[in-house]
Amino acid sequence: MQANVGDTLLMHGRTVGQHDKQAEVVEVLGAKGTPPYRVRFDDGHEALMSPGPDCVVRHHEQP
């Protein structure tokens, strides 16, 4: 998995009734875009993540 600052991580819900979550990558701590990432969720909460197989990167389109 590779991501850049500004990309979005989409974490799929793993149980019935659990909604998908998304977070913006604010810092890449691994080499060449690899995890771990510092992310910010919609509510402003920040966390350090090493995404698993239930996560997808949505790349930010550059102008």
Undergrad: Determine the minimum heavy-atom distance between Gly33 and Val28, stating which atoms define it.
TA: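 Heavy atoms of Gly33 and Val28 come nearest at CA-CG1, 3.6 Å.
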
Undergrad: For the residue pair Gln2 and Thr34, what are the closest heavy atoms and their distance?
TA: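 Heavy-atom minimum between the residues: CG-CG2, 4.5 Å.
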
Undergrad: Please collect all salt bridge (charged side-chain N to carboxylate O under 4.0 Å, His left out) contacts where either partner lies in residues 24-37, sequence neighbours excluded, each pair once.
TA: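 Passing the test, one end in residues 24-37: Glu27-Arg38.
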
Undergrad: Which distance, rounded to the nearest 0.5 Å, do you find between the CE of Met1 and the CG of Leu9?
TA: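 CG of Leu9 is found 6.5 Å from CE of Met1.
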
Undergrad: Please tabulate, one pair per line, all N/O donor-acceptor pairs under 3.5 Å involving side-chain atoms of residues 39-58, not counting sequence neighbours.
TA:
unit_1 : atom_1 : unit_2 : atom_2 : d
Arg40  : NE     : Glu46  : OE2    : 3.0
Arg40  : NH2    : Glu46  : OE2    : 2.8
Asp43  : OD1    : His45  : N      : 3.0

